[in-house]
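Written out below as structure tokens is the structure these notes cover.
In what follows, chains are A, B, ... by sequence order, proteins preceding strands, each numbered from 1.
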Amino acid sequence: MDVPAGYNLPSFVPGFAFPMNRQYDAAAVEAQAQAWWQDQQVFAAADAGPGEKFYCLSMFPYPSGALHMGHVRNYTIGDVLARYQMMQGRRVLQPMGWDAFGMPAENAAIQRGIAPSRWTYDNIAHMRGQLQRLGFAYDWQRELATCRPDYYRWEQWLFTRLLKKGLAYRRLAAVNWDPVDQTVLANEQVIDGRGWRSGAPVERREIPQWFLRITAYADELLDGLDELDGWPESVKAMQRNWIGRSVGLELSFEVPAYGALKVFTTRPDTLYGVTYMAVAAEHPLAQQVAAGNPALADAIEKLKPRETSEAALQTQDKLGVDTGLRAVHPLTGDELPVWVANFVLMDYGEGAIMAVPGHDQRDWEFARVYGLPITPVVAPEGFSDEPAKLVEHGAFTDKGLLVNSGPYDGLAFQDAFDAIADLAEQRGLGTRRVQYRLRDWGVSRQRYWGCPIPVIHCEACGAVPVPDAQLPVLLPEDVTVDGSGSPLTRMPEFYETTCPQCGAPARRETDTFDTFFESSWYFARFACPDLDTAMLDQRADQWLPVDQYVGGIEHAILHLLYARFFTKLMRDEGLIGVDEPFTRLLTQGMVLKDGAKMSKSKGNTVDPQALIDRYGADTARLFIMFAAPAEQALEWSDEGVAGANRFLKRLWGFAVDFAAWREQAPAADLATLDDAQAAARREIHANLQQASYDFGKGQFNTVVSAGMKMLNELSRLPVPESGGAGYRAVVEEGLSILLRVLSPIVPHITHCLWQGLGHGEALLRAPWPQADPQALQADEITLAVQVSGKLRGTIRVPAEADQDAIRAAALAEPNVQRFVADKPVRKLIVVPGKLVNIVV
RNA sequence: GCCGGGAUGGCGAAACCGGUAGACGCGCCAGACUCAAAAUCUGGUGGGGGCAACCUCGUGAGAGUUCGAUUCUCUCUCCCGGCACCA
């Protein structure tokens, strides 16, 4: 760590002279603290040793160029948690790395003609410097970047293992195709149905792609959520819904001139309410109809989705066309029209539905548009009106008792479900089965800046995994990217190879992995980043699971689900013993300015570098932790930052003045406190208790608040001109508590003051302070007095007053007497330590 | 469209198990210091009423449960995150 030239470092010698400089110089203080940490190697995590392990991890950044405020927030929260655990005596691992593959590097290459690798490595170097300037307690020896072959070779290796197990496979899947740029587009690159660069309407194309069979782990991924007590309920709920396990009935409807039309339903109880059938435009039935009828083919073609995003599909107007085919209702024998509808998704279930417009809102809306009948077959218990009334203004989607359902009338949901499912199974019409919303994970990307998929395509042998001895498949870094597809497809020296099985000329796969592939296992690699003989070794089990994971809520589903999935894959490969990667999860909120998320496109960003240059790392950290709870959105405020800096200046000045005063003061004596000093001490300990409680909850803004109150209490005490044994005792103790409580948040200033005040060298290793119960004792307490629930006054009573004494005091309060007057007291509630409510 | 979350003074927020709404900070107002300003320090600061003691309204909207609701239940509005190729 470099110390700014020309600055005379204050000489912090424990227990001796305090620096003369009363001015808080953040740059000097921070350089001093960081130099000490660097010198002592305090953040190098020992794989074994004394203390319980604690693995604290923040989601690693994409090296986009420079840190943004969201990074600063994320990493400050993680660092505060890590440092807090160090002070609890844990052996803490807090690593940092780079999620280095991705589209922005290719975009930069197109725009500026820099190779993606060069751009990425430069960004990493710059951002690493910024992280170091912020004083995060990272073990930099474990740093990794996912774009380096020594990292990605192991995910290539794992992929070949999954291929052999059948957990990776290849099939056709849809992509967004830009017909002008002749390239595949990410959903992000499709704006209002058009390519972002060409402006051409995107097309949907089916190409062969690699998939990971995440659905094979659907049940385990779902059930595992129940054990994750340290995760927010909201994230678990989102994952549950994403996996979307539902138990239902697979049913076949006979369609003359087509055959059996299979559907899946979770509501067999509504079978009598089916009034039409609907299939997706890509469904074989639709294709068959189109083949024999050009007019219908044209109409069906228009119903085909153009984009791949589900949001785009589900928000379009409900459109359809009648195929003219009729299905036979399996129980009533009624004829049901078969429609092609754009709200039916080919990817979910069977790509066909039995429409029950009385009890499904989408079916209801479609029926309304096309004048199809709506038949209610379920009604709430005790519903006595005309059943048709139930579905006049929308579908009735609750469960209830069956009506209009022949022999099943009057049955409740589960009985009806069972009876109809039993009948369907007996008659061979269908079977019960479990359906997931979760789809297998498509990992192929037709892009350059990613990990090459380690497969060789041979005409004779098919898709052959690259043998271990040939790994890694190196991504050539010296390339030109021009936006018209991946350069790998134009590099014979990359793709021309020979089949590892038969030796014939063969073509190397030119697709790369989804970048979620890299981020799905990096947390494990941090345990052994230097290992070059295997993906992981026993050190992974020494550190895993991650005890505390911190990152944005936007990763609630995909990244966190894929990381959980990979953990199970690695476990089943015998690499690790844990089932789940992250024991506790904190999802931090966004950073906003003027009510909107900070982003370059909105032009409302604040550059963290400017903030650090002006005020220092501690001010940035303090503001971020104080301005809002970690999980909530944080509204940026330049004045708030200045306020945070003001507090640090006050803290510095107070400590320096006290140290100077202490030179001529008598020894500290806690037995000689006056009333004000005793009260201040009580407040210090009360706020310590609060801060410890809040730290445990992860509510850091109120920890800062408690620290501010402590300083307020101490500064309010008059400084004795002579004597001062009591003052010295209260302030010395108070400062030692305050510095420790704040040290995870503002580690630099507290480190220097701790040393300067002579408490020892390593604040990091100081124990967390404990509140003294004796200091907390008060003789009198204040109780609120309500009359019929409204506050009418307060009373002071001895702390040990009994209920009768409290009642008497409450009734004697003058304002209370006014409101009670001669009205009879119906009830008198005493909440110990809080309030009295007199109900008249 | 579906899933998840949020809404409290002029602003960021606090209120632990249903018990004094607005701690702490920002901003603003007044005062001290200063030739002046900045910085710093002291005091005040939810709306309305009152000389005051106090009264009254008030936690997105509407209902409900309760002696008592920011907190629990139901309905609604608006904003934010995710929706499988942004990371």
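An OP1 or OP2 oxygen of rG25(B) is reached within less than 4.0 angstrom by a side-chain nitrogen or oxygen of Asn712(A). For the pair Arg792(A) and rC55(B), the criterion of a side-chain N or O lying under 4.0 Å from OP1 or OP2 is met. Look at Lys709(A) and you won't find any side-chain N or O under 4.0 angstrom from OP1 or OP2 of rC24(B). For rA53(B), the OP1/OP2 oxygens have no side-chain nitrogen or oxygen of Asn815(A) closer than 4.0 Å.
Relative to the six-membered ring of Phe343(A), Arg362(A) misses at least one condition, a distance below 6.0 Å or an angle of at most 45° to the axis.
Atom CD1 in Ile829(A) sits roughly 12 Å away from atom C1' in rG18(B) (whole-Å rounding). Here the P atom of nucleotide rG4(B) and the CG atom of Leu561(A) are 16 Å apart, to the nearest Å. Per the geometry, CG belonging to Leu648(A) stands 12 Å off P belonging to rC26(B), to the nearest Å. Between the P atom of rC2(B) and the OH atom of Tyr348(A) lies a distance of 15 Å, rounded to the nearest Å. Atoms CG (Leu738(A)) and C1' (rC24(B)) sit 14 Å apart, rounded to a whole Å. Regarding Phe819(A), its CZ atom lies at a distance of 14 Å from the P atom of rA53(B), rounded to whole Å. In this structure, the CZ atom of Phe343(A) is 14 Å from the C1' atom of rC2(B), given to the nearest Å. When rounded to the nearest whole Å, the span between CG of Leu225(A) and C1' of rC3(B) equals 14 Å.
Judged by distance alone, the side chain of Arg204(A) and the main-chain N or O of Glu307(A) form a donor-acceptor pair under 3.5 Å. With hydrogens and angles ignored, the 3.5 Å screen pairs no side-chain donor or acceptor of Lys318(A) with any backbone N or O of Val369(A). Thr146(A) places a side-chain N or O within 3.5 Å of a backbone atom of Ala100(A) that can act as its donor or acceptor partner.
Within the structure, every pair that satisfies the side chain to side chain donor-acceptor pair (under 3.5 Å) test and touches residues 625-636 of chain A, not counting sequence neighbours, is listed here: Trp636(A)-Asp638(A).
Separation of the P atoms belonging to rC2(B) and rC76(B) is 12 Å when rounded to the nearest angstrom. Between rG64(B) and rU42(B), the distance separating the two P atoms is 49 Å to the nearest Å. Across rC16(B) and rU73(B), the matching C1' atoms stand 23 Å from one another, rounded to whole Å. Of the C1' atoms belonging to rG5(B) and rA53(B), the separation is 46 Å, rounded to the nearest Å.
Closest to the side chain of Ala237(A), out of rG4(B), rG19(B), rG25(B), is rG4(B).
The nearest heavy atom of RNA chain B to Ser234(A) and to Leu783(A) marks one nucleotide each, and the one closer to the 5' end goes with Ser234(A).
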Next item on the list: Summarise how protein sits on nucleotides 11-17 of chain B as a single string, 5' to 3': B when a protein heavy atom is under 4.0 Å from the base, S for sugar-phosphate-only contact, - for no contact.
Entry: -BSSSB-

Notebook entry, point to check: Which letters describe nucleotides 79-87 of chain B, given B = protein heavy atom under 4.0 Å from base, S = only from sugar-phosphate, - = neither?
Noted result: -SBSBBBSB

Next item on the list: Map every base of RNA chain B to its dot-bracket character, where paired means a Watson-Crick or G-U wobble contact with both distances under 3.5 Å and | marks a partner outside the strand.
Entry: (((((((..(((......[....)))((((((.......))))))((((....))))..(((((..]....))))))))))))....

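Looking at Asn241(A), its side chain has no donor and acceptor atom pair within 3.5 Å of the base of rC3(B).
Taking the six-membered ring for Trp and thresholds of 30 and 60 degrees, Phe517(A) and Phe513(A) have nearly parallel ring planes, at less than 30 degrees apart.
By the salt bridge (Lys or Arg N to Asp or Glu O under 4.0 Å) test, Glu639(A) pairs with no residue at all, sequence neighbours left out. Residues passing the salt bridge (Lys or Arg N to Asp or Glu O under 4.0 Å) test with Asp618(A), sequence neighbours excluded: none. With sequence neighbours excluded, no residue forms a salt bridge (Lys or Arg N to Asp or Glu O under 4.0 Å) with Lys709(A). Residues passing the side-chain contact (heavy atoms from CB on, under 4.5 Å) test with Ala706(A), sequence neighbours excluded: Asn687(A), Ala691(A). Remark: Glu188(A) engages Met103(A) in a side-chain contact (heavy atoms from CB on, under 4.5 Å) (not counting sequence neighbours).
Glycosidic torsion of rC76(B) falls outside 90° of 0, placing the base in anti. Base orientation at rG9(B) is syn, since its O4'-C1' glycosidic dihedral falls within 90° of 0.
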Throw together a table of side-chain donor-acceptor distances under 3.5 angstrom for residues 619-626 of chain A, partners on residues two or more places apart or in other chains.
{"unit_1": "Thr619(A)", "atom_1": "OG1", "unit_2": "Tyr615(A)", "atom_2": "O", "d": "3.4"}
{"unit_1": "Thr619(A)", "atom_1": "OG1", "unit_2": "Asn645(A)", "atom_2": "ND2", "d": "2.9"}
{"unit_1": "Arg621(A)", "atom_1": "NE", "unit_2": "Ile745(A)", "atom_2": "O", "d": "2.9"}
{"unit_1": "Arg621(A)", "atom_1": "NH1", "unit_2": "Asp79(A)", "atom_2": "OD2", "d": "2.9"}
{"unit_1": "Arg621(A)", "atom_1": "NH1", "unit_2": "Leu134(A)", "atom_2": "O", "d": "3.1"}
{"unit_1": "Arg621(A)", "atom_1": "NH2", "unit_2": "Asp79(A)", "atom_2": "OD2", "d": "2.7"}
{"unit_1": "Arg621(A)", "atom_1": "NH2", "unit_2": "Pro744(A)", "atom_2": "O", "d": "3.0"}

Enumerate donor-acceptor pairs with a distance under 3.5 Å from any side-chain N or O in residues 168-175 of chain A to protein atoms, sequence neighbours excluded.
{"unit_1": "Tyr169(A)", "atom_1": "OH", "unit_2": "Asp440(A)", "atom_2": "OD2", "d": "2.6"}

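A ring-ring contact (aromatic ring centres under 6.0 Å, His included) with Phe60(A) is found for exactly one of Trp521(A), Tyr522(A), Trp98(A), namely Tyr522(A).
In this structure, Arg362(A) reaches neither bases nor backbone, as no heavy-atom distance under 4.0 Å exists between it and the strands shown.
A side-chain donor-acceptor contact under 3.5 Å links Glu509(A) and Trp210(A).
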Between N or O atoms, less than 3.5 Å apart, protein on one side and nucleotides 40-51 of chain B on the other: list the pairs.
{"unit_1": "rU40(B)", "atom_1": "OP1", "unit_2": "Arg646(A)", "atom_2": "NE", "d": "3.3"}

